[in-house]
Amino acid sequence: MKGDLLEVCDAVVSFAEGRPAVDRASLSLTCGRVTALLGPSGSGKSSLLRAIAGLERLEAGTVRFAGKTWSGDTVHLDPEARRCGVVFQDYALFPHLTALDNVAFGLRSGSSAKRRELARDRLASVELAHKAKSYPHELSGGEQQRVALARALAPSPDVMLLDEPFSGLDRRLRAELREATTHALREAETAALIVTHDAEEAMAVADQIALMNKGVIVQTGAPDRLYLSPVSETAARLLGDVEAFITRVESGRASTPLGALAAPRRDDGEQVKVLLRPEGIVIDRASADGALAQVTMRQAAGGSARLSLRLENGREVSARVPVTDTIRAGDAVRLRLDERFAVVVTA
Amino acid sequence: MAVSDIHDDAAEASRSRGGFAPLWGAVFVALICAAPLIAVAIVAVTGPWTDYFGHIAGTRLPVWLANTAIVGVIAVAAAGSIGSASAWTVARYAFPGRRAFEWLLALPLAMPAYAAAYGWYDLTQSTGPLGGLVPVVRGPVGAGFIFAFTLYPYVYLLAREAFASQSSEAYDAARTLGCGPIEAFQRAALPMARPAIAAGLALVVMESLADFGAVVHLGAPTLSVGIIRAWAGEGSVADAARLALVLVSLAFLIFFIERFQRRRARQAAASGRKRPPRRVQLSPVRSALAIGLLSLPLMAGLIIPMGRLGWLATHSAVGRDLGAALWHSVQLAAISGGVAAILGVIAAYALRTRRLPAVLAARLAGLGYAVPGAVAAVGVLALFGWTQDGMDAVWTRLFGMPLPVLLSGGILGLIFAYQSRFAAAAIGPAESALARITPTLDGAARTLGAGPVEVAIRVHWPLIRSGALLAGLLVFVEVLKELPATMILRPFNFDTLAVTAHNYASDERLGMAALPALLIALAALGPMIWIARQMTRSERLVRKEAE
């Protein structure tokens with residue numbers, strides 16, 4: 001199945017009058033690769049996932065898998081016919097069935113003994129063989145998540161859809177399960193889509209990220225590229241902090257209080273926005289060049305410290321320094337811009 | 001009663017320690033509810049043995065038992081399918097008129113089973129308008145169907161709540177794992193709602209076993225009839241009590257099976273957050289089909305029998321003293337409803353403390369619903385008999401003559417019996433109303449300087465008012481329909497609508513029985529509409545909150 005594609009084209013999902021929940025979204029998933037759908041809550045991520053699974057009908061657009069139309073103008077393949085494994089946000093384990101029976105639920109071919117054996121294997125692969133006879137309420141949150149994953153993977157689906165699969169778990173467990181889950185997904189060689197609102201999570205698990213806001217997919221690409229070359233301020237903010245400076249292009253360069261950078265393919269006089277990641281603000285105490293700024297606040301943030309800085313024009317920006325740096329509130333510093341972390345977009 | 005079970009689990013979750021805790025009150029409620037049953041057990045063991053039991057053991061008893069079984073099985077099977085199918089349709093699909101059906105489907109509870117039996121029997125007997133066209137509604141099979149159509153709302157209400165609050169993701173998960181809509185319903189949605197359906201069915205079967213009027217009229221005497229025959233025909237309270245004990249054992253068996261089911265349900269409800277399902281819009285053709293199917297139980301349980309009773313009433317003479325009977329019925333129902341609402345709130349408060357004696361007492365009171373009316377009445381008779389004997393003895397020693405008869409049943413006895421049977425119905429709504437009041441709310445009021453009583457008055461009462469009203473109205477409707485206990489305990493020349501209707505019907509004067517039967521249904525319909533709408537509304541609120 002490697003190389004098979006799930007293609008979503010201009011999908012529209014709407015529930016009531018007003019703005020559609022998903023507005024002409026396009027997305028493609030490849031077998032063996034994990035895609036993260038990242039966006040704030042209410043941005044339509046889950047609705048898009050449910051539409052791919054066939055749990056919602058498309059108002060317009062198509063969902064096609066390996067050349068076959070799943071959803072279209074006149075077509076709506078029922079969810080049970082799509083071979084989509086879904087891990088729901090609250091796991092949706094059947095409370096009346098044991099962990100093993102939950103995993104065996106979707107297995108339909110072969111003798112009952114064979115199905116149970118397969119389910120047992122699946123359960124073992126998520127390291128829960130010893131919990132086969134437990135009911136969902138007897139499992140911890142992390143165990144429930146793993147049963148849900150095993151259940152969705154058991155019928156060997158072509159596409160795996162995971163709706164905020166780690167949101168109910170505490171931080172440490174989340175990191176652990178994230179790794180195990182991505183491993184299992186890559187091993188299964190399915191086309192996987194993970195819905196999340198956590199940028200860090202999306203970057204950690206995905207080969208490709210699709211950014212979604214207000215029902216619209218604003219940008220798709222590899223995590224690093226998205227971080228460094230967002231197409232808009234919205235896209236940039238979905239992945240992390242960013243400073244935005246509105247300016248005009250002069251002689252092919254866009255200037256900011258921290259310095260100028262090249263603005264290729266922009267006309268002189270055009271109004272643009274310079275987006276700058278905190279890592280792109282370089283602090284230099286010794287140099288006489290660069291913009292003068294005063295540190296107004298220092299906040300610890302693990303291995304680094306977050307600084308709030310006031311520029312001479314009154315504008316506040318924030319930057320990060322290693323926790324070992326001794327800069328403190330009240331210090332005067334010089335700032336300059338690192339072009340690698342800056343990008344020029346249309347204002 | 002249905003509502004008593006509905007928010008039980010939610011109540012469980014938010015019980016607090018401390019605060020207003022009338023332990024004695026709970027014990028008092030439990031005593032009221034349990035005393036008649038204990039009296040029945042004592043009389044059954046210690047009462048004089050006549051040859052009555054030996055006499056019926058080989059003749060009538062097997063018939064009563066067989067009828068009880070047939071009636072119960074048919075009522076359970078039919079009410080179970082009607083109730084859960086209609087609940088699923090209303091909870092999961094969108095079609096024109098759905099909101100009206102949501103509460104309309106609960107209304108057949110306003111129709112007493114015996115009144116429906118009069119109407120249906122008259123329609124289908126050989127001289128009736130449907131005579132020859134459909135099988136005559138009579139015998140244990142006919143009675144089973146009458147109970148199914150008048151009592152299915154118990155299953156409907158509980159199942160609807162269960163389906164509506166079920167996370168739609170379980171159903172969706174089943175769909176993505178390869179189940180079609182029907183298979184997903186059978187393998188995911190239905191098993192998850194099974195405890196709620198079982199609770200509804202337990203109520204259906206207990207009411208069917210407790211019925212007297214319908215089974216007598218349809219010629220399918222059950223154990224309940226036997227109890228009244230033993231008391232009225234043979235004049236033997238002890239034999240009545242012995243039969244009552246058999247009936248109660250059956251009822252308790254069902255009650256405990258149901259409780260056992262719900263123990264698992266509590267666990268089942270514990271996993272997963274809830275995402276309320278969005279309803280699936282039906283096409284016009286399917287909408288018409290759904291409306292047609294949902295109309296059937298409503299027609300069979302309420303509209304058709306009511307229409308026939310109305311026709312009969314307008315074509316027959318009006319019996320004497322109907323006005324007085326109506327007044328008696330409403331009076332008894334109103335007093336009992338008021339008392340039950342108060343007792344229910346007291347028991348709910350006791351439950352809220354979570355203290356073991358209080359919880360035991362309140363749960364003991366809850367058992368009362370499994371005690372059929374005839375049994376409660378026999379118990380009250382025995383209790384009053386002993387009390388009278390005791391007071392006589394004292395009086396004779398003091399004044400040399402027996403005490404004038406004070407306690408021969410009467411209104412007080414009736415209210416006592418009603419409470420013992422229906423107070424359980426009032427605990428549930430009060431409990432679920434109190435469950436909304438979280439311990440932090442109490443804490444907030446207390447830290448703002450309010451004492452426990454002030455908290456109860458200024459914070460709790462405004463919040464539980466509608467729950468208490470719901471409890472009172474439920475008991476009002478039940479007492480209005482009640483027949484066997486009323487027959488045994490009513491004072492001489494004190495007829496209620498139910499007794500009047502039953503007496504005319506037993507005299508083969510169905511025409512004259514129609515008006516009092518219709519009046520009961522009409523008097524119960526108003527409160528029932530309020531109850532049904534109130535329950536629908538609170539369910540919608542819960543749904544909105546979840547969204």
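Keep in mind that the numbers below use all heavy atoms, side chains included, and drop hydrogens, waters and symmetry copies. Throughout, protein chains are lettered first and strands after them, A, B, ... in sequence-line order, and every chain is numbered starting at 1.
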**OP:** Give the minimum heavy-atom separation between Ala92(A) and Ala170(B), together with the two atoms involved.
**Re:** CB-N, 3.7 Å
Original post:
Is the closest side-chain heavy-atom distance between Thr176(B) and Arg82(A) below 4.5 Å?
Top reply: no
Original post:
Roughly how far, to the nearest 0.5 Å, is CZ of Phe94(A) from CZ of Arg187(B)?
Top reply: 7.5 Å
**OP:** Can you tell which part of Arg151(A) gets under 4.5 Å to a heavy atom of chain B, answering side chain, backbone, both or neither?
**Re:** both
Could you list the donor-acceptor pairs under 3.5 angstrom formed by side chains in residues 72-80 of chain A, with sequence neighbours left out?
unit_1: His76(A); atom_1: NE2; unit_2: Gly54(A); atom_2: O; d: 3.2
unit_1: Glu80(A); atom_1: OE1; unit_2: Arg175(B); atom_2: NE; d: 2.8
unit_1: Glu80(A); atom_1: OE1; unit_2: Arg175(B); atom_2: NH2; d: 2.8
unit_1: Glu80(A); atom_1: OE2; unit_2: Arg175(B); atom_2: NH2; d: 3.4

Original post:
Tell me, side chain or backbone of Ala174(B) under 4.5 Å from chain A's heavy atoms, or both, or neither?
Top reply: both
**OP:** Please determine if Glu183(B) and Arg108(A) form a salt bridge, counting it only when a charged side-chain N lies under 4.0 Å from a carboxylate O.
**Re:** yes
Subject >> Flag if over 12 foreign heavy atoms under 6.0 Å of CZ, Arg286(B) >> reply: no
